[in-house]
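Position 1 is the first residue of the sequence; numbering continues from there.
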Amino acid sequence: MEKYADLLVRTGVNLQVDQTLIIESPIDCAEFARLVSEKAFEAGAGDVICHYNDPVYQKIRANHLCEEKISEVLDWQKESLDYYLRQGACSLMLTSPQPYLMSDMNASKAGALQTFTNDLRNVIRGRIATDHVQWCIAAVPNQKWAEAIMPDVNKDKVLDEFWALLFKLAYVDETSDANDNWRENAKHRQRLTEKLDEFHLDSIHMTSSNGTDITFGFHEDYSWGSKKKEDSKEIKYSPNIPTEEVCTSPDKYRTNGIVYSTKPLMLGGKIVDQFSIRFENGKVVEVHAEKGEELLKDIIDQDEGSSYLGEVALVPYHSPISESGLVYFNTLIDENASCHIALGKGFPNTVGVTSQDPSDWEAKHLNYSSVHVDFMIGAKDTKIIGHTKEGKEVIIFENGDFAI
């Protein structure tokens with residue numbers, strides 16, 4: 001656990017000497033947050049600021065308030081983060097869901113909770129785009145989460161088993177240096193990124209036997225990962241731990257076709273499952289879900305950009321997370337078990353945008369929104385064919401895995 005905490009500090013956010021670290025943590029993870037704080041100070045942190053949240057309290061509050069009040073983010077809440085970000089702080093969010101906590105809450109209130117989470121998160125997203133703030137989101141097990149994903153394991157042992165599994169997914173073990181292991185993992189993904197950029201892809205066509213049949217087009221000035229800058233002084237960091245993805249932002253107006261989900265999605269603490277979304281010229285035009293359809297539609301209708309895509313990510317089906325055979329009910333982990341896409345805000349670094357001015361984003365056909373919601377669409381038999389700017393075809397994925 002100490003190695004994992006050290007990994008989040010030294011490689012996750014790549015904390016610099018005298019830099020402030022902001023930790024956002026559920027109260028169930030307070031013990032681990034304290035361990036991360038200790039590791040941060042050992043690494044030379046100027047200060048560590050812990051912001052704790054309580055999902056059970058959030059449910060109690062939501063049950064007694066209207067949607068408008070639930071979704072409201074007050075100025076002091078934004079300033080409690082932005083004050084430190086303006087001074088060059090980095091951000092670590094510890095995620096530790098309770099999958100069935102909000103199951104009896106109505107969809108509109110769950111949607112309001114999701115809106116609150118998105119709007120508060122946008123404080124950090126804005127600083128990432130303009131000030132190149134280092135950030136990382138990392139998983140931390142809790143008892144209820146462990147029981148939800150491993151229902152057949154003895155309750156007295158299930159939390160320890162989940163921790164052991166997470167360490168494996170994050171390349172943390174007793175004998176080697178976790179930071180070295182993670183750097184090797186990052187090098188592998190960087191090689192894939194460079195190969196994809198070398199193809200100069202204009203679009204990719206994804207198909208799966210479950211019905212997914214969709215084409216994603218790209219802006220002429222895009223790249224996979226960050227758009228490289230010769231004179232960049234940005235500090236390298238790992239935004240998600242664990243992760244296996246290679247991603248970019250599509251051209252806002254060039255997504256056409258239909259996708260079918262391959263894993264559940266958590267929104268506002270509630271589960272959305274077995275859903276499909278159809279796109280025309282980038283925009284969502286049709287949505288169906290066996291579970292949580294109203295909530296999904298509410299998220300899509302948040303603003304003009306929430307009905308367009310901000311991310312396309314490629315993940316091999318035979319990744320360590322997928323091969324664990326579990327559904328984690330948590331986007332951070334589940335999205336790294338299969339290819340996924342995200343409704344809402346795109347990544348400005350993929351097209352070289354450095355401002356938060358929506359007109360600058362529109363000039364590069366980069367989607368601007370208050371939300372960013374990932375969902376999983378990759379399957380065991382997913383095939384992806386790339387079409388280059390020179391008119392050539394390249395097989396990117398075959399039978400769910402990279403073919404390059």
Side-chain angles (χ1 to χ4, degrees), residues 24 53 58 62 67-68 70-73 77-78 81-82 91 93 95 97 102 105 107-130 135 137 216 239-240 245 247-253 255 259 261 263-272 275 277-279 282-287 289 292-313 329-332 334-335 340-351 353 356-358 361-362 365-377:
E24 295 176 88
N53 59 76
Q58 289 177 334
E67 285 82 351
E68 183 179 358
I70 296 166
S71 63
E72 183 181 19
V73 181
Q77 292 172 307
K78 296 178 182 179
L81 294 171
D82 203 44
S91 165
M93 175 181 282
T95 178
M102 306 294 185
M105 180 178 289
S108 61
K109 291 198 172 188
L113 277 175
Q114 184 70 31
T115 298
F116 173 86
T117 300
N118 270 314
D119 287 354
L120 187 58
R121 188 66 187 166
N122 282 337
V123 175
I124 293 174
R125 288 174 181 150
R127 292 293 174 186
I128 292 168
T130 58
W135 61 281
I137 302 177
F216 306 102
N240 296 334
E245 71 175 348
C247 68
T248 189
S249 288
D251 185 307
K252 176 179 178 178
Y253 302 108
T255 297
V259 294
S261 65
K263 288 185 180 293
L265 169 64
M266 293 289 291
L267 288 175
K270 292 177 73 71
I271 296 173
V272 180
F275 59 94
I277 302 178
R278 183 181 296 277
F279 297 83
K283 189 172 185 177
V284 175
V285 294
E286 187 178 351
V287 180
E293 182 174 305
E294 180 185 348
L295 180 55
L296 181 58
K297 287 181 176 178
D298 284 346
I299 292 299
I300 290 171
D301 291 338
Q302 284 287 301
D303 55 39
E304 192 273 340
S306 57
S307 60
Y308 291 84
L309 291 182
E311 177 184 4
V312 173
F329 303 105
N330 175 256
T331 301
L332 169 68
D334 284 327
E335 73 173 9
H340 57 273
I341 55 181
L343 293 161
K345 200 166 194 174
F347 300 132
N349 57 343
T350 62
V351 289
V353 172
Q356 282 294 295
D357 185 338
W361 292 49
E362 181 61 27
H365 290 188
L366 179 68
N367 194 31
Y368 192 92
S369 174
S370 63
V371 306
H372 182 93
V373 178
D374 299 87
F375 60 96
M376 287 57 74
I377 61 172

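Listed by chain and number, the residues in a salt bridge (Lys or Arg N to Asp or Glu O under 4.0 Å) with K252 are E304, E362 (sequence neighbours excluded). E68 is linked by a salt bridge (Lys or Arg N to Asp or Glu O under 4.0 Å) to nothing, counting only residues two or more places apart in sequence or in another chain.
Looking only at distances, no side-chain donor or acceptor of D374 sits under 3.5 Å from a matching main-chain atom of A342. Counting only distance, with no hydrogens or angles, the side chain of H372 and the backbone of K345 share a donor-acceptor pair below 3.5 Å. Checked by atom type and distance alone, the side chain of S306 pairs as donor or acceptor with a backbone atom of I300 at under 3.5 Å. With hydrogens and angles ignored, the 3.5 Å screen pairs a side-chain donor or acceptor of N367 with a backbone N or O of G305. Using modelled atom types, one side-chain atom of K270 and one backbone atom of M105 make a donor-acceptor pair closer than 3.5 Å. In this structure, S261 contributes its side chain and F275 its backbone to a donor-acceptor pair below 3.5 Å.
Taking CZ from F216 and OG1 from T248, the interatomic distance works out to 12.0 Å, rounded to the nearest 0.5 Å. If you take CD1 on I299 and OG1 on T115, they are separated by 5.5 Å, rounding to the nearest 0.5 Å. Separating the CG atom in N349 from the CD1 atom in I128 is a distance of 9.5 Å, to the nearest 0.5 Å. In this structure, CG in L309 is found 11.5 Å from CG in L366, a value given to the nearest 0.5 Å. Between the CD atom of E67 and the CG atom of L113 there is a distance of 10.0 Å, given to the nearest 0.5 Å. Within the model, atoms CZ of R125 and CG of L120 stand 10.0 Å from one another, a figure rounded to the nearest 0.5 Å.
The two residues F116 and I70 have their closest heavy-atom pair at CB-O, 3.6 Å. Scanning both residues, F329 and D334, for their nearest heavy atoms gives N-OD2, 2.9 Å. Closest of all the heavy-atom pairs between V287 and V284 is CG2-CG1, 3.5 Å. Closest approach of S369 to D303, counting heavy atoms only: OG-OD1, 2.9 Å. Across G310 and P250, no two heavy atoms sit closer than the pair C-CD, 3.8 Å. The minimum heavy-atom distance between E245 and A313, with the atom names listed, is OE1-CB, 3.3 Å.
Inter-residue side-chain proximity for L295 and Q114 is flagged as unmet; no heavy-atom pair is nearer than 4.5 Å. Contact check for E311 versus F347: side-chain heavy atoms found under the 4.5 Å cut-off. With a 4.5 Å cut-off on side-chain heavy atoms, N240 and E335 count as touching. Two residues are said to be in side-chain contact when any heavy atoms from C-beta on lie closer than 4.5 Å; E24 and I124 meet this criterion. The shortest side-chain heavy-atom distance between N118 and S370 does not fall under the 4.5 Å cut-off. Counting only heavy atoms from C-beta outward, the side chains of I277 and F375 approach each other to under 4.5 Å. Contact check for I137 versus R121: side-chain heavy atoms found under the 4.5 Å cut-off. The shortest distance between side-chain heavy atoms of M266 and M102 does not fall below 4.5 Å.
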